[in-house]
Amino acid sequence: MEPRAVGVSKQDIREQIWDYMESQNLADFPRPVHHRIPNFKSKKTLLVPTPRLRTGLFNKITPPPGATKDILRKCATSQGVRNYSVPIGLDSRVLVDLVVVGSVAVSEKGWRIGKGEGYADLEYAMMVSMGAISKETPVVTIVHDCQVVDIPEELVEEHDITVDYILTPTRVIATGCKRPKPMGITWFKISREMMEKIPILRSLRAREQQAGKDVTLQGEHQHLSEPGRQQTVPLSVGRRPPDTPGSEANSVEAARGSPPGEGAPLAADVYVGNLPQDARVSDLKRALRELGSMPLRLTWQGPQRRAFLHYPDSATAQQAISCLQGLRLGTDTLRVALARQQRDK
């Protein structure tokens, strides 16, 4: 298809693909393809997760003995999942060798756009969380040639899956994509409504909460801290600074020492002030991830409009300060300094 102008949105690209496939009669049942992952015949067999994750993540489909072609075809439908499968629980030691995802549009660089509901991204993140896949597990998408288009990189978000291979009726494309795939569930993107619809999410959240991970949901920032209280958030989701000599000892010292402002801050503690009144801890964490300056831990003091970042050593803290200078959240420019220097002021 013809490349589009810069500045389009994901929905613009979806509509372009859907309209073209309908006008050229390229799609198979169900029709119309709008708001769907388009189906078309390419003599490939796909295995899919449990529909909409209502009863779990995976279902193992076992056709009955002597199954006819019609029954085998039915096994690939949502009715087949209900009639000819058994669920695989979180404790099952399942390892997935290849992930196949549907797409509305995909670029030769590996950027992918789904139908907009986020289930494929969530399924991938859940498989990471339960240990079924790793960053080395290849991701493949099967599309019609017309669905391979240019996609601006700025449309690709942190939680979006990228693909390693694109299969069309006429070619196989190795994307060579180096962008990191999601390292787990991005909880601040998950709503309460989604938690109610997907029981397995509740189980995964309980496990990760027990492991000390930040599992704050979308819209829960008002509960993060009470007036006058601070909250220390272990940052074990997403990127972490590489282990350095002494980092474990520094982390233990920071955990046992007095909170910043009440005792002597460590040389590896960074003060972040002038946070917006409505800022969330997830906003700051997202900015830190984008800058590659994730600390070992983060102490959030939202009512005081400040936070403290705990790094493994003073050199890493100084490097983080350099990266964070001029950082803005909303319309406010943050104040960043070593916590010791801030206390002296």
Side-chain angles (χ1 to χ4, degrees), residues 154 157-159 183-192 208-209 212-241 250-251 253-255 257-345:
E154 59 267 22
E157 300 180 69
E158 180 185 356
H159 63 276
M183 297 302 294
I185 298 173
T186 308
W187 289 105
F188 65 82
K189 291 279 189 179
I190 305 296
S191 65
R192 279 284 177 189
E208 296 201 357
Q209 189 172 34
K213 296 183 180 181
D214 179 13
V215 294
T216 304
L217 299 180
Q218 186 182 97
E220 280 192 336
H221 61 280
Q222 64 269 28
H223 304 301
L224 282 176
S225 56
E226 299 172 3
R229 280 187 66 183
Q230 66 179 21
Q231 181 189 20
T232 299
V233 182
L235 298 177
S236 52
V237 177
R239 301 175 190 161
R240 291 187 56 169
N250 285 333
S251 177
E253 183 180 357
S258 301
E262 295 181 14
L266 300 175
D269 291 342
V270 173
Y271 163 87
V272 178
N274 199 38
L275 291 167
Q277 292 283 4
D278 59 348
R280 301 179 297 175
V281 65
S282 57
D283 297 330
L284 179 57
K285 286 170 57 180
R286 188 183 306 112
L288 292 169
R289 278 194 294 267
E290 291 173 354
L291 293 171
S293 299
M294 288 294 283
L296 295 177
R297 292 186 300 111
L298 185 157
T299 300
W300 178 259
Q301 297 179 347
Q304 288 77 39
R305 300 183 62 188
R306 67 190 182 195
F308 292 88
L309 315 179
H310 311 290
Y311 291 95
D313 51 56
S314 58
T316 308
Q318 289 285 3
Q319 184 179 8
I321 290 173
S322 299
C323 293
L324 297 175
Q325 291 297 332
L327 177 63
R328 298 169 69 93
L329 286 185
T331 59
D332 299 331
T333 301
L334 304 184
R335 291 195 295 270
V336 184
L338 281 176
R340 280 182 173 178
Q341 295 174 353
Q342 180 65 26
R343 186 190 65 165
D344 294 341
K345 290 180 182 180

Taking the side chain as everything from C-beta on, heavy atoms only, tell me whether [X] gets closer than 4.5 Å to [Y].
X	Y	answer
W187	E208	yes
R280	T216	no
L329	N274	no
R286	F188	yes
L327	V272	no

So, using side-chain contact (heavy atoms from CB on, under 4.5 Å) as the criterion, who are the partners of [X] when residues are at least two apart?
X	answer
E157	K10, H159, D160, K189
S191	E193, M194, Q218
A307	L275, L284, L298, W300

Identify the heavy atoms of [X] and [Y] that sit nearest to each other, and give their distance.
X	Y	value
L288	P295	CD1-CD, 3.9 Å
A268	S314	CB-N, 4.0 Å
D214	V281	OD2-CG1, 4.4 Å

With sequence neighbours left out, the residues meeting salt bridge (charged side-chain N to carboxylate O under 4.0 Å, His left out) with R328 are none
To the nearest 0.5 Å, what is the distance between [atom1] on [X] and [atom2] on [Y]?
X	Y	atom1	atom2	answer
L309	L338	CG	CG	11.0 Å
T299	Y271	OG1	OH	13.5 Å
L334	R306	CG	CZ	14.5 Å
M294	Y311	CE	OH	8.5 Å

